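Since the structure comes first, as structure tokens, the remarks are kept for the end.
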Amino acid sequence: MELKNDLLLRTVRGEAVERPPVWLMRQAGRILPQYRAVRERLSGFKELVETPELAAEVTIQPVDALDVDAAILFSDILVIPEAMGLSYEMVEKRGPLFPETIRSETDIERLLSGEEAAGRLGYVYEALEVTRKNLAGRVPLIGFSGAPWTLMAYMVEGSGSKTFSRAKRLLYQEPALAHRLLGKITQTIIAYVKEKARHGANLIQFFDSWAGILSPEQYREFSLPYLREACSAVSEVPVTVFAKGAWFALPDIARLDCQAVGLDWNISPQEGRSRVGAEKILQGNLDPCYLYADPEKVSEATRKMLEAFGSRHIANLGHGVYPDTPLEGVHAFVQTVKGYRYHRQ
Ligand code: CP3
């Protein structure tokens, strides 16, 4: 089906556009009362993720309510560890928990990988199909995956953590095991995102949410090579790499086979551009906490951000929107971008 609003896709192809497209990381779920209403009827988060009709419904909610230029499939990065054999629980108000974690070589050898693992995620592919059908071409649909290092961090740590020191310990104590695990995760996410593209995702974003806890040397050894392999394997659709906190690795990330690079709010647009170079499209990067400010202040900050990025930009926050963000702030952000026009050259 032809897209009525293809601004995001024209932008990632590097075409000259009238204004940047805008969407928010974590826009599906979290902030909308409509989402909470659906959620309350269900047993929990996983039921929503695993029921394609409902996942499609909450994916489309922000397109209706916020008027953003893209939808992102309601799902989670943790479906990958689960498909590989480590199931997760989503504990209310606390976050993810893995009853079993990776401790030894045997644990790693037991994991499924590649197409065998990705083949267990039929509910995700079905959710993409239903979403595409119900979106009826209004906006592009973004599919995503956790990056290998970030997924490994959860599989070894077993839950969220400030330091992920268990996961990092493996990198120092048993680097060969870490590489074996990262290799299996990479084969799985390659099969997974290819399948997502086949089932209607128009763009893939890799979230390396825990990039920033690694040293530059560790990032170069344990994250970049796997991201490189994953990016090079995906030729079906454009790819965005968002490595949170990895400002130090931006020149390396800029050399990956991807079209766009996400920036968090710890780096200025100018500094981001100088590290990434001219070629890639940049995405980001307003501090999500800015949306707590008065709407006029949000608009002012958003305009300043747009000016600083200039063209070749996808407007977004520097990380996911927080659950208690006032909707007025979100509207001010989105509407400011939508009213903006690039200056004539
Ligand atoms: O972007 C979107 O709106 C699409 C949906 C989406 C979710 N998770 C739904 C979700 C996406 C893209 C994710 C990615 C994700 N999940 C990441 C990478 C992005 C990032 O924020 O860095 C990570 C690290 C996770 C793991 C995860 N899932 C955590 C740590 C938590 C608990 C805390 C939180 O973020 O709310 C989740 C749960 C989760 N995933 C919720 C949603 C809407 C909240 C669950 C609920 O409704 O109770």
Side-chain angles (χ1 to χ4, degrees), residues 22-51 54-63 65-66 68 70-82 86 88-98 124 127-128 131 139-155 157-162 164 167 189 192-193 196 201 203-213 240-246 262-266 283-285 288 316-325 330:
V22 58
W23 67 281
L24 284 80
M25 288 189 276
R26 309 298 299 272
Q27 69 189 19
R30 285 197 153 182
I31 45 173
L32 293 175
Q34 298 88 312
Y35 166 74
R36 279 178 223 122
V38 174
R39 195 61 175 70
E40 271 158 27
R41 305 201 309 260
L42 304 172
S43 63
F45 174 75
K46 285 182 83 171
E47 186 183 350
L48 188 45
V49 168
E50 291 163 16
T51 311
L54 295 174
E57 183 182 338
V58 299
T59 299
I60 297 173
Q61 283 174 348
V63 179
L66 308 175
V68 283
I72 178 161
L73 184 74
F74 184 83
S75 185
D76 203 88
I77 62 168
L78 303 176
V79 301
I80 286 290
E82 183 157 270
L86 275 194
Y88 71 98
E89 294 163 14
M90 196 58 79
V91 184
E92 257 348 272
K93 306 241 178 318
R94 295 204 49 198
L97 184 74
F98 287 87
V124 178
L128 285 164
T131 306
V139 290
L141 176 56
I142 299 171
F144 64 89
S145 171
W149 155 247
T150 288
L151 291 175
M152 178 196 144
Y154 281 104
M155 292 168 82
E157 196 79 25
S159 66
S161 159
K162 280 211 176 82
F164 279 89
I189 68 174
Y192 176 59
V193 299
K196 279 186 146 174
L203 179 149
I204 294 291
Q205 175 158 327
F206 287 116
F207 283 95
D208 208 354
S209 304
W210 298 107
I213 63 172
T240 300
V241 173
F242 174 59
K244 187 173 181 300
L263 299 181
D264 60 38
W265 70 87
N266 290 118
Q283 174 173 281
N285 77 339
N316 208 312
L317 303 177
H319 196 198
V321 62
Y322 298 122
D324 61 349
T325 303
V330 178

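Start at 1 with the first residue, then count along the sequence. Just follow the structure's listing: the first ligand is 1, and inside any ligand the first atom is 1. These figures come from a predicted structure and were not determined experimentally.
The closest donor-acceptor contact from the side chain of Q27 to the backbone of L66 lies at 3.5 Å or more, if one exists at all. Judged by distance alone, the side chain of T150 and the main-chain N or O of W210 form a donor-acceptor pair under 3.5 Å. Although no hydrogens or angles enter the test, the distance criterion places no donor-acceptor pair under 3.5 Å between the side chain of N316 and the main chain of Q283. Within the 3.5 Å criterion, the main-chain N or O of V321 finds a donor-acceptor partner in the side chain of R30. A donor-acceptor pair is defined here as one N or O able to donate and one able to accept, closer than 3.5 Å; no such pair exists between the side chain of E89 and the backbone of P96. D208 places no side-chain N or O within 3.5 Å of a backbone atom of F242 that could act as its donor or acceptor partner. For the pair E157 (side chain) and A167 (backbone), a donor-acceptor distance under 3.5 Å is present.
Near F207, meaning under 4.0 Å from any of its heavy atoms, are these atoms of ligand 1: 12 (C), 18 (C), 19 (C). For ligand 1 and I72, the ligand atoms under 4.0 Å from any heavy atom of the residue are 1 (O), 2 (C), 3 (O), 4 (C). Atom numbering of ligand 1 starts at 1 in the shown order; those under 4.0 Å from a heavy atom of G95 are 32 (C). Those atoms of ligand 1 with a heavy atom of S209 less than 4.0 angstrom away are 18 (C), 19 (C), 20 (C), 22 (O), 24 (C). Within ligand 1, the atoms closer than 4.0 Å to a non-hydrogen atom of Q27 are 1 (O), 2 (C), 3 (O), numbered from 1 in the order shown.
With atom 9 (C) of ligand 1 as the reference point, the heavy atom nearest to it among G29, S75, A28, A153 is part of S75. Between atom 47 (O) of ligand 1 and the options F45, Y35, W23, the minimum heavy-atom separation is to Y35. For the residues G160, G44, P96, the heavy atom positioned nearest atom 30 (C) of ligand 1 is part of P96. With T59, D76, V79 as candidates, the residue nearest to atom 40 (N) of ligand 1 on a non-hydrogen basis is D76.
Closest to atom 43 (C) of ligand 1 among all protein heavy atoms lies F74 CE1, 3.5 Å. In this structure, atom 2 (C) of ligand 1 lies nearest to the protein heavy atom R26 CA, 3.3 Å. Ranking the protein heavy atoms by distance from atom 38 (C) of ligand 1 puts M90 CE, 3.3 Å first. H319 NE2, 3.1 Å is the protein heavy atom nearest to atom 20 (C) of ligand 1. Taking atom 23 (C) of ligand 1 as the reference point, the nearest protein heavy-atom neighbour is I77 CD1, 3.4 Å. The single protein non-hydrogen atom nearest to atom 36 (O) of ligand 1 is R30 NH2, 3.3 Å, given as residue, atom name and distance.
For ligand 1, the polar-atom distance check finds no N/O of Y154 at less than 3.5 Å from any of the ligand's N/O atoms. Every N/O-N/O distance between W210 and ligand 1 stays at or above 3.5 Å. Note: an N/O pair closer than 3.5 Å links R39 and ligand 1 by distance alone.
Relative orientation of the Y35 and F74 rings is tilted, given thresholds of 30° and 60° on the angle between their planes. Between Y154 and F98, the two ring planes are tilted [angle within 30° to 60°].
Contacts with ligand 1 closer than 4.0 Å are made by backbone heavy atoms (N, CA, C, O) of L73 only, the side chain lying farther away. Within the 4.0 Å heavy-atom criterion, neither part of K244 lies near ligand 1.
Residue contact check for ligand 1: Q205 places no non-hydrogen atom closer than 4.0 Å to it.
Contact check for F207 versus K244: no side-chain heavy atoms found under the 4.5 Å cut-off.
By the ring-ring contact (aromatic ring centres under 6.0 Å, His included) test, Y88 is found to be paired with no residue, residues two or more places apart in sequence or in another chain being considered.
Residues T51 and E47 have side chains that never bring a donor and an acceptor to within less than 3.5 angstrom of each other.
Atom CD of residue Q205 and atom CZ of residue F144 lie 9.5 Å apart, to the nearest 0.5 angstrom.
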